[in-house]
2 protein chains.
Amino acid sequence: MTIAAPDTRTRVLDVAERLVQTRGFNGFSYADISVEVGISKASLHYHFPTKAELVGCLVERYEHDFHLAVSRIDNSHDHALDRLKAYSEIYVRVLKADRMCLCGMLAADYTTLPDVIQKRVLKFFQFNEDWLTSALSRGRARKEITFAGKPSEAAHLLVSTLEGAMLLARAHKDIARFRLLAASLLKGLALK
Amino acid sequence: MTIAAPDTRTRVLDVAERLVQTRGFNGFSYADISVEVGISKASLHYHFPTKAELVGCLVERYEHDFHLAVSRIDNSHDHALDRLKAYSEIYVRVLKADRMCLCGMLAADYTTLPDVIQKRVLKFFQFNEDWLTSALSRGRARKEITFAGKPSEAAHLLVSTLEGAMLLARAHKDIARFRLLAASLLKGLALK
DNA sequence: GTCTATAGGCAGATAGAC
DNA sequence: GTCTATCTGCCTATAGAC
């Protein structure tokens, strides 16, 4: 299976994604993308008329990729702890690329975002919490894991902690500490 | 005890602080401050020659205020759970003002910050984790709370979770959910 | 300390040729 | 699809008068 050379539109999205994840919505410009992709600013506007549309597409693609990643987890892992571990490894992969979660970053920039993007960012977090809620709920019913309180609250805790830890880990350039924290989070769910 | 009318410098810092906490380092300008404080952009440069210096002062003041807040906690609360609850209420107060933690916000903007500011942001988190580490350590020694593993790791978990939850709560405009999460975090530390 | 005026550059975005 | 050229407006910052 070969991977086709990415078209211009995709290359633009790839560069823009990295820029948002590292510098935030207000920390990059069309000029930055132009240099890296090797086409003029005007050409970028052909593909994405406005910055709002560009970043909107970015969030859409990111959420789509996340959907794929978690359904792969559903198909390849059965035990709740394995699923949650695989989930946390998505975050580790992002951190390894010296990036913040795209939507975590946009959550920081939230008040400066166009309406359309704000809604998509919220949808992303909702999707994550929903998936975690169901993974936690199923795992507890099967007696694979244990935790107190509602699954939805535990899911909220997991997303918050992973996003927050990511924010700090990137600044500290300390992925090891992030892994340690993720591991101890999972340990807290293991049967005693 | 009366509060003196704030001087211009202080009013500039107050406005700038709110702008950074709501819009991020790259999401506001001297023009924004100028309008709100009611003096010209040029006058702002008299007080703070560069944006880097302005935000540097902001972080310094924020950390100083945090120092004061936690030493008040040390003096007014003895039980570890009370101390930690009071600590989490600092975050709630920030959230109530529709703001993100100043340094949490700057952690997102991290790669775009001047060196001096990057270092101060890290120092802020270090201070928080150190204080929490000692509060947790003392509390466990006195058998006021319980938790597994090193105090420093539990401290890291607390800061990460509170910062991450704040990021999400502000976007969702849902302080109640933040409170719930903070409460269940503390509940996890309570003696069984 | 505060102002007006302005520099010099970059932002997002458009027009029109190829 | 991509280009050059350009627009308008905002950015940080400075000069110099009051």
Side-chain angles (χ1 to χ4, degrees), chain A residues 4-59 105-106 108-118 120, chain B residues 4-59 105-106 108-118 120:
Chain A
D7 57 9
T8 302
R9 192 190 144 90
T10 304
R11 283 194 298 140
V12 172
L13 285 172
D14 290 343
V15 169
E17 185 177 68
R18 200 192 66 245
L19 287 170
V20 177
Q21 288 186 271
T22 51
R23 305 179 56 90
F25 184 79
N26 301 301
F28 80 102
S29 71
Y30 271 50
D32 298 323
I33 305 173
S34 164
V35 170
E36 289 202 51
V37 176
I39 65 173
S40 68
K41 285 194 292 168
S43 300
L44 292 175
H45 283 282
Y46 167 80
H47 296 283
F48 304 98
T50 66
K51 198 178 182 183
E53 256 184 82
L54 168 60
V55 177
C57 290
L58 233 42
V59 180
M105 185 60 94
L106 293 176
D109 296 327
Y110 197 78
T111 61
T112 70
L113 298 177
D115 257 46
V116 212
I117 301 181
Q118 287 189 342
R120 285 194 188 160
Chain B
D7 58 9
T8 303
R9 192 190 144 89
T10 305
R11 284 194 298 140
V12 172
L13 285 172
D14 290 343
V15 169
E17 185 176 69
R18 202 193 64 245
L19 287 169
V20 177
Q21 288 186 271
T22 51
R23 306 180 56 89
F25 184 80
N26 300 302
F28 79 102
S29 71
Y30 271 49
D32 299 323
I33 305 172
S34 164
V35 170
E36 290 202 50
V37 175
I39 66 173
S40 69
K41 287 190 288 168
S43 300
L44 293 175
H45 283 281
Y46 167 80
H47 296 282
F48 304 97
T50 66
K51 198 179 181 182
E53 253 180 87
L54 168 60
V55 177
C57 290
L58 233 42
V59 179
M105 185 61 94
L106 293 175
D109 297 327
Y110 197 78
T111 61
T112 70
L113 298 177
D115 257 47
V116 213
I117 302 181
Q118 287 189 342
R120 284 193 189 161

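Numbered from 1 within each chain, the chains take letters A, B, ... in sequence-line order.
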_Quick check against the 3.5 Å criterion: does A:K51 have a side-chain atom that pairs as donor or acceptor with the backbone of A:Y30?_
no
*In chain order, what residues pass the side-chain contact (heavy atoms from CB on, under 4.5 Å) check against B:P6, with sequence neighbours excluded?*
B:T10, B:R11
*Answer yes or no: is there a donor N or O on one side and an acceptor on the other, between the side chain of A:D109 and the main chain of A:F25, under 3.5 Å?*
yes
*Span of DNA chain C in contact with chain A (heavy atoms, under 4.0 Å)*: C:dA11 to C:dA15
*Say you draw a straight line from CZ of A:R9 to NE2 of A:H47; how long is it, rounded to the nearest 0.5 Å?*
9.0 Å
*Okay, side chain of A:T112, backbone of B:G27: is any donor-acceptor separation there less than 3.5 Å?*
no
*What does nucleotides 6-13 of chain D look like as a protein-contact string, B for base, S for sugar-phosphate only, - for none, at under 4.0 angstrom between heavy atoms?*
-----SBB
_Which residues in residues 4-12 of chain A have a heavy atom closer than 4.0 Å to any atom of DNA chain C?_
none
*asked:* Strictly by salt bridge (Lys or Arg N to Asp or Glu O under 4.0 Å), give each pair with a member in residues 18-38 of chain A just once, sequence neighbours left out.
replied: A:R18-A:E36
*B:A42: side-chain contact (heavy atoms from CB on, under 4.5 Å) partners, not counting sequence neighbours*: B:S40
*Keeping the roles fixed (side chain from B:E17, backbone from B:L58), state whether a donor-acceptor pair exists under 3.5 Å.*
no
*How far apart are the C-alpha atoms of B:C57 and B:L13, what are their side-chain angles, what is the distance that settles it, and do they pass the side-chain contact (heavy atoms from CB on, under 4.5 Å) test?*
CA-CA 8 Å; B:C57 290; B:L13 285 172; 4.1 Å; yes
*At what distance, to the nearest 0.5 angstrom, does NZ of B:K41 lie from CD1 of B:I33?*
11.5 Å
